[in-house]
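Notes follow once the structure below has been shown.
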There are 2 protein chains.
Amino acid sequence: MRVVIADDAPLIREGVARLLAENGVDVVDQVGDADAALASVRDLRPDVALVDIRMPPTHTDEGLRAAREIRSRYPDTAVLVLSQHLESDYALQLVEEKPERVGYLMKERVGRVEQLLDAVQRVAAGECVVDRAVVDELLARRRRVDPVEELTSREREIIALMAEGRSNQGICRALWLSPKTVETHIRGAFAKLGIKEAPEDNRRVLAVLAYLRR
Amino acid sequence: MRVVIADDAPLIREGVARLLAENGVDVVDQVGDADAALASVRDLRPDVALVDIRMPPTHTDEGLRAAREIRSRYPDTAVLVLSQHLESDYALQLVEEKPERVGYLMKERVGRVEQLLDAVQRVAAGECVVDRAVVDELLARRRRVDPVEELTSREREIIALMAEGRSNQGICRALWLSPKTVETHIRGAFAKLGIKEAPEDNRRVLAVLAYLRR
DNA sequence: CAGCGGCTCAGGGTTTTCCCTGGAATCGCC
DNA sequence: GGCGATTCCAGGGAAAACCCTGAGCCGCTG
């Protein structure tokens, strides 16, 4: 079992490498960013690539981009994404295409080292391994219908500008709409967000809060 | 050099333990929560306690509480706090009392394993080791005077209610003030927050954003 | 093709927000 | 004792943010 590890934090990377090595996994390379990960997989063709999501330069989702790239270019290499936090959206878009030879675990939720080893074995064998928390979160989201999802694209655009502190007039200029149109959309959005008129509430702020809370 | 490691994520904890052990550090115990950490330090009196901040049950600052407890009860044990993110406030309150035998590092910013070893040695020797990023952040905060700090307590109270989506009238009822008084305070807050009138901006939302961004 | 939802506007109206000016009471501080 | 900062409030007015109804246009779907 040959594995490449990509994580920008040497402390984590080295630690995980030791754990794997101790348990008979051959850690053939360690890298600290996405480009290096791609190069390493290209050259070494490991059985599994263990990839952290946040890596330089932007520390957002380069690990995930790299994971997709690896899956499409080197389908024989399984990809196991290790994330710091629960970001179900990322996990979903990773798995939804083809749920094979791929996995998504959270570092903090790997209860025992054996779980990581097990996951590595299973993705290498072609299985799809996803942390329970991801599944729970996605199901929970289905249940509580997020009112923001109810908005039409235009309404969402307008609420987004509103959430940046724009006035109706500012929104008009930004989207080239008449003031009346903006008002109409805002009214529609309020209704869909369940914000009814109440003398003690400021609907605009409530809408912004609902939008930002996602 | 005898060390106790407290971190609720076995993956991290075991990894760090391996790294230290490999480099001649005697890891005498590993625990997964704050109470166990205190018990372990009490029984084993290690040279250094390596403590993660977030641990069960609340996953907020129990590691930090444990760290303070260790420092006061077992002053011969140095404490090195390992945090996931940059939380300068925590770091500051840890160090400000007595900057000795204590340290604060960020997992992701430990560039090389040697840095961790070095930090362990130094806190054990009585030094105070703080990640550069913490220092930078605290200094930067001094420089940019947070405009929210400029508000009077009454103004801050009112902006806080505003940030919950209350209307002026709602604020009146909550604080038993006349509408005119609320207006006056809001105007004062706008001025101090640097929110000038602009036709394309909604000042109320901008104030809420400024307040929430802290 | 009829119907429906989304997008675009208008007229005409009310309420809320926010402006300026100005006054008065309290409190701490030099 | 005066002076500044804070807090409380008022009148008067402009502008913005809302409401309702109604309407034309588009694209999709049954």
Side-chain angles (χ1 to χ4, degrees), chain A residues 145-214, chain B residues 145-214:
Chain A
V145 269
D146 185 350
V148 175
E149 298 296 322
E150 302 288 298
L151 302 181
T152 67
S153 65
R154 203 53 158 170
E155 285 165 347
R156 202 160 23 238
E157 250 181 313
I158 287 176
I159 297 294
L161 288 168
M162 194 192 263
E164 290 173 6
R166 306 260 202 150
S167 65
N168 288 6
Q169 190 183 325
I171 297 170
C172 292
R173 288 207 200 259
L175 300 179
W176 283 102
L177 294 174
S178 101
K180 287 297 191 180
T181 303
V182 173
E183 282 183 29
T184 304
H185 286 307
I186 289 177
R187 232 177 309 127
F190 282 171
K192 289 178 184 169
L193 292 174
I195 300 174
K196 281 165 289 195
E197 85 170 297
E200 312 220 343
D201 292 340
N202 180 297
R203 321 259 266 301
R204 200 175 181 94
V205 172
L206 286 176
V208 169
L209 293 175
Y211 179 77
L212 293 180
R213 200 177 42 226
R214 192 113 10 121
Chain B
V145 271
D146 186 352
V148 175
E149 299 297 321
E150 302 286 296
L151 301 180
T152 68
S153 65
R154 203 53 159 170
E155 285 165 348
R156 203 163 19 241
E157 253 182 308
I158 287 176
I159 297 294
L161 288 169
M162 193 192 263
E164 290 174 6
R166 308 258 202 151
S167 65
N168 288 6
Q169 189 183 326
I171 297 171
C172 291
R173 288 207 200 259
L175 300 178
W176 282 100
L177 294 175
S178 99
K180 285 299 189 179
T181 303
V182 172
E183 282 183 29
T184 304
H185 286 308
I186 290 176
R187 227 177 312 129
F190 282 172
K192 289 178 185 168
L193 292 175
I195 301 174
K196 282 163 287 194
E197 84 171 299
E200 313 222 339
D201 292 340
N202 181 296
R203 305 211 264 300
R204 200 175 183 92
V205 172
L206 286 175
V208 169
L209 293 175
Y211 179 78
L212 292 180
R213 199 178 42 223
R214 197 146 349 140

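In what follows, chains are A, B, ... by sequence order, proteins preceding strands, each numbered from 1. Fair warning: this is a prediction, and the values are worked out from it, not measured in the lab.
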Nearest 0.5 Å please: distance from the OH atom of B:Tyr211 over to the CG atom of B:Leu161.
8.5 Å
Would you say that B:Leu212 contacts A:Leu209 through its side chain, given a criterion of any heavy-atom pair below 4.5 Å between the two side chains?
yes
Under the 3.5 angstrom rule, does the side chain of B:Asp201 hit a backbone N or O of B:Arg203 as a donor-acceptor pair?
no
Could you list all N or O pairs between the protein and nucleotides 17-22 of chain D that sit under 3.5 Å apart?
{"residue": "D:dA17", "atom": "OP1", "partner": "A:Asn168", "partner atom": "N", "Å": "3.3"}
{"residue": "D:dA17", "atom": "OP2", "partner": "A:Asn168", "partner atom": "N", "Å": "3.4"}
{"residue": "D:dC18", "atom": "OP2", "partner": "A:Arg204", "partner atom": "NH1", "Å": "2.9"}
{"residue": "D:dC18", "atom": "O3'", "partner": "A:Arg203", "partner atom": "NH2", "Å": "3.4"}
{"residue": "D:dC18", "atom": "N4", "partner": "A:Glu183", "partner atom": "OE1", "Å": "3.2"}
{"residue": "D:dC18", "atom": "N4", "partner": "A:Glu183", "partner atom": "OE2", "Å": "3.1"}
{"residue": "D:dC19", "atom": "OP1", "partner": "A:Arg203", "partner atom": "NH2", "Å": "2.4"}
{"residue": "D:dC19", "atom": "OP2", "partner": "A:Arg187", "partner atom": "NE", "Å": "3.3"}
{"residue": "D:dC19", "atom": "N4", "partner": "A:Glu183", "partner atom": "OE1", "Å": "3.1"}
{"residue": "D:dC20", "atom": "N4", "partner": "A:Arg187", "partner atom": "NH2", "Å": "3.3"}

In residues 193-200 of chain A, what donor-acceptor pairs under 3.5 Å come from side-chain atoms, sequence neighbours left out?
{"residue": "A:Glu200", "atom": "OE2", "partner": "B:Arg173", "partner atom": "NE", "Å": "2.5"}

Which donor-acceptor pairs under 3.5 Å do side chains of residues 185-192 of chain A form with protein atoms, sequence neighbours excluded?
{"residue": "A:Lys192", "atom": "NZ", "partner": "A:Glu155", "partner atom": "OE1", "Å": "2.9"}
{"residue": "A:Lys192", "atom": "NZ", "partner": "A:Glu155", "partner atom": "OE2", "Å": "3.4"}

Can you check the B:Ile171 CD1 to D:dT7 P distance for me, whole Å?
15 Å
Spell out protein contact along nucleotides 25-30 of chain C as letters: B when the base is contacted, S when just the sugar-phosphate is, - when no protein heavy atom is under 4.0 Å; keep the 5' to 3' order.
------
Of all the heavy-atom pairs spanning B:Arg204 and A:Asn202, show the shortest one and how long it is.
NE-ND2, 2.8 Å
For A:Cys172 against A:Val182, the heavy-atom pair lying closest together:
SG-CG2, 3.7 Å
Separation between CD1 of B:Ile171 and CD of B:Glu183, rounded to the nearest 0.5 Å:
10.5 Å
Minimal non-hydrogen separation, B:Glu157 against B:Leu175, with atom names:
OE2-CD2, 3.7 Å
Spatial distance of atom CZ (A:Arg154) from atom OG1 (A:Thr181) [nearest 0.5 Å]
9.0 Å
What are the two closest non-hydrogen atoms of B:Val148 and B:Ala210, and how far apart are they?
CG2-O, 3.9 Å
To the nearest 10°, give me the bend of the helix from C:dC1-D:dG30 to C:dC30-D:dG1, comparing the axes of its five terminal pairs at either end.
30°
Which atoms of nucleotides 4-7 of chain C (N or O only) lie under 3.5 Å from a protein N or O atom, and what are those distances?
{"residue": "C:dC7", "atom": "OP1", "partner": "A:Ser153", "partner atom": "OG", "Å": "3.4"}
{"residue": "C:dC7", "atom": "OP1", "partner": "A:Arg154", "partner atom": "N", "Å": "3.4"}
{"residue": "C:dC7", "atom": "OP2", "partner": "A:Thr152", "partner atom": "OG1", "Å": "2.4"}

